[in-house]
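The next block holds one structure in the form of structure tokens; read it before the comments.
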Amino acid sequence: MAFLQKMIPVTALILLLLFVLIVIFRRLSCRRTSTFKCPACGQVFRPSLMQLLFSVGSRKGQILYCPNCGEKNYLEQLEKEIPEKQENAAQ
């Protein structure tokens, strides 16, 4: 019984660390592929890792500060543009 009482906090700590690592990994993968456009000034930018880790949002958008004008807005992720060669081949 004493062994189980010692294992509960260790298991909780491991699960917490696993959760934090998953969140960091998801944000890193989002950082590599995401660009955002500020609605106030039109600046297109990639947020820093710290901005993504501590911002509120979803996979489609985040609440971020624009590095150009400093406005805090909900910014939706810009879609990747299809290169002209692929677009012409599809037609």
Any side-chain heavy-atom pair of I63 and S55 under 4.5 Å:
no
4.5 Å side-chain heavy-atom contact, C69 and C38
yes
State, with a plain yes or no, whether a side-chain heavy atom of F19 is found less than 4.5 Å away from one of I14.
no
Work out which heavy atom in G42 is nearest to a heavy atom in K37; give both atom names and the distance.
O-CE, 3.7 Å
Checking C41, P39, P47 against C66 for side-chain contact (heavy atoms from CB on, under 4.5 Å), the one that qualifies is C41
Where is the tightest heavy-atom contact between G61 and Y74, given as atom of each residue plus distance?
CA-OH, 3.4 Å
Hydrophobic clusters here meaning ILVMFWY residues chained together by side-chain heavy-atom distances under 4.5 Å, can you tell me if V10 and L18 are in one?
no
Where the side chain of Q51 meets the backbone of Y65, is there a donor-acceptor pair that is under 3.5 Å apart?
yes
Check whether F25 and L17 end up in the same hydrophobic cluster, where Ile, Leu, Val, Met, Phe, Trp and Tyr are linked by side-chain heavy atoms less than 4.5 Å apart.
no
So CD1 of I8 and CG of L13: to nearest 0.5 Å the spacing works out to 14.0 Å
Side chain to side chain, L64 and F36, heavy atoms closer than 4.5 Å:
yes
